[in-house]
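Each remark here refers to the structure printed beneath this line.
Hydrogens, waters and symmetry mates are skipped; everything else that's a heavy atom, side chains included, is used. Naming: A, B, ... by sequence-line order, numbering from 1 per chain. Remember, predicted model here, so these are calculated numbers, not experimental data.
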2 protein chains.
Amino acid sequence: MATGRTHRPATRSRGIPEATVARLPLYLRALTALSERSVPTVSSEELAAAAGVNSAKLRKDFSYLGSYGTRGVGYDVEYLVYQISRELGLTQDWPVVIVGIGNLGAALANYGGFASRGFRVAALIDADPAMAGKPVAGMPVQHTDDLEKIIRENGVSIGVIATPAGAAQQVSERLIAAGVTSILNFAPTVLSVPDGVDVRKVDLSIELQILAFHEQRKAGEDSAAAPAVGAVTAAAVADAAARPASGARKPGPEGDVPAVMPA
Amino acid sequence: MATGRTHRPATRSRGIPEATVARLPLYLRALTALSERSVPTVSSEELAAAAGVNSAKLRKDFSYLGSYGTRGVGYDVEYLVYQISRELGLTQDWPVVIVGIGNLGAALANYGGFASRGFRVAALIDADPAMAGKPVAGMPVQHTDDLEKIIRENGVSIGVIATPAGAAQQVSERLIAAGVTSILNFAPTVLSVPDGVDVRKVDLSIELQILAFHEQRKAGEDSAAAPAVGAVTAAAVADAAARPASGARKPGPEGDVPAVMPA
DNA sequence: CAATCTTTGTGCACGCGTTCACAAAGACAT
DNA sequence: ATGTCTTTGTGAACGCGTGCACAAAGATTG
């Protein structure tokens, strides 16, 4: 997947491991699909396949919630949907504000997935006075000046930051000061927040770079072994040439450590 | 953070742990910022603070790349920027296609972070004939019919899927058949792909649900201890009431297992 | 050149997460 | 009722990632 984990070790919430919590939404989605098809029960094997995980892992995950299955049969779909929803806190309504209504912010505002599960976009906020009042996703954009008022009046505890990197830290501070305790950050910056505030980061650039790393590795192996199939990019050969104009490369180690791979 | 990991165990690429790879882009960003301020060297302590990680972890991460530091001094910024860039495969050019030019796809096309580090948007592809030819981010949208041709002619190995959930699996299959081996998936679906293909997932809905879980936990603790500060949402009290109309709750366990927390 | 000081690189221990493999539990057939 | 068959729930082993703490390395000063 592609969401960066910028998570404090987190106090192992009532014994439910963080890794399990991260998978619950996945199970919930698969279960909802089954529910819509009126499937009454599923085995751990089937559900695991639908969610793309190991069945043993799934069973262990569910065991943290309690014993909701029936041996020899499987899990009751409707019941499990409810239990997971409750565990995740989706039986209540979560008002959310989106700060930074640029391309991304607007896309998020229009995203259907928000409204689907207990989340409600309570307000769109932007620092640009020209944006104020302009409707985005059928909702008027409000100015940053009113941020605190909006947060308080709507009882917002989850904020989404889609501003440029430079503004993110300051926005987060204002959100937190106004009462927000969970932040989903799309800006490419490390936010520093006080204890008790959860931050999750989504960083497109980082995800691509991780893919590039594996891609390079694959290309390297290919060129070393069989000639690559289909479309292959330049490969790691011309890397010394591609070296950035680093001018004088400081005192540091001078030999080009080839430790890596003969290439 | 907010990027879901949908990663195969991955063959522990030449001994560089996956967790380390995921942090390298973070270090690179911090180093680039230092480089722009013409800072010649940094200590692991300073850099770790900038990247939001533990300094021991950072040193261990760098040790996988080689010994690029100087004891008593720190790391040479320019040199390290180059080494990490090379390790991540950013010294070469990565053409990328974005499939699905809706709100999100368009936002991604406009996102500056793409072009910044070796990534180049080679084409925008959409299934809607009405979109064809329409310029988005200064580039004409092309029709899905030409997907294979585009991939091959541009030597694309990384694809970004921003389609509705229903189309994602099929799009991924076409991308892969045409030669793509890395996919960044924004659609809320589990993609099943053959071995050798890397998939990373970005799922807004999941990230929000994880935040909601922690938020609920915090609210529960607050209401049990001190009255919550500032804006607090309804809390877990009215959850039996909020129960979905599950009709007949099947055979399963009937008692409302209160195992959770008295509330 | 010796002493001191700073900072890296890493051995080691610990804890979390994953997976295997199986006993226990229940459904179902006879 | 008894036996068989399916599937859950979990004990135990393993491996990865993290963080501590320190020795080694080099800079710097006198």
Query raised in the report: Any side-chain heavy atom of B:Leu204 sitting closer than 4.5 Å to one from A:Phe186?
Result: yes

Report task. May I have the distance from B:Asn54 (atom CG) to D:dA21 (atom P), rounded to whole angstrom? Result -> 12 Å

Query raised in the report: Between atom CG in A:Asp61 and atom P in D:dG9, what is the gap in whole Å?
Result: 12 Å

Report summary line: B:Lys57 atom NZ is separated from C:dG15 atom P, nearest whole Å, by 17 Å

**Report entry** Separation of atom CG in B:Asp76 from atom C1' in D:dG26, rounded to whole Å
**Finding:** 15 Å

Query - Check against salt bridge (charged side-chain N to carboxylate O under 4.0 Å, His left out), A:Asp198 and B:Arg217 - result: CA-CA 12 Å; A:Asp198 280 288; B:Arg217 197 174 53 77; 5.2 Å; no

Query raised in the report: Atom CD1 in B:Ile84, atom OH in B:Tyr79: separation rounded to 0.5 Å?
Result: 11.5 Å

Query raised in the report: Could you go step by step and tell me if B:Val81 and B:Tyr27 meet the side chain to side chain contact (heavy atoms under 4.5 Å, CB included) rule?
Result: CA-CA 9 Å; B:Val81 164; B:Tyr27 302 144; over 6 Å; no

**Report entry** Audit row: A:Ile158, A:Thr181, side chain to side chain contact (heavy atoms under 4.5 Å, CB included) steps and yes/no
**Finding:** CA-CA 6 Å; A:Ile158 300 178; A:Thr181 47; over 6 Å; no

Report summary line: Rounded to whole Å, CD of B:Glu18 lies from P of D:dG17 at a distance of 8 Å

Query raised in the report: Tell me, for nucleotides 6-12 of chain C in 5' to 3' order, what letter each nucleotide earns: B for a base near a protein heavy atom under 4.0 Å, S for only sugar-phosphate near one, - for neither?
Result: BBBBBBB

Query raised in the report: Among all residues two or more places apart in sequence or in another chain, which pass the salt bridge (charged side-chain N to carboxylate O under 4.0 Å, His left out) test with A:Arg23?
Result: A:Asp61

Query raised in the report: Rounded to whole angstroms, how far apart are OH on A:Tyr64 and P on C:dC16?
Result: 10 Å

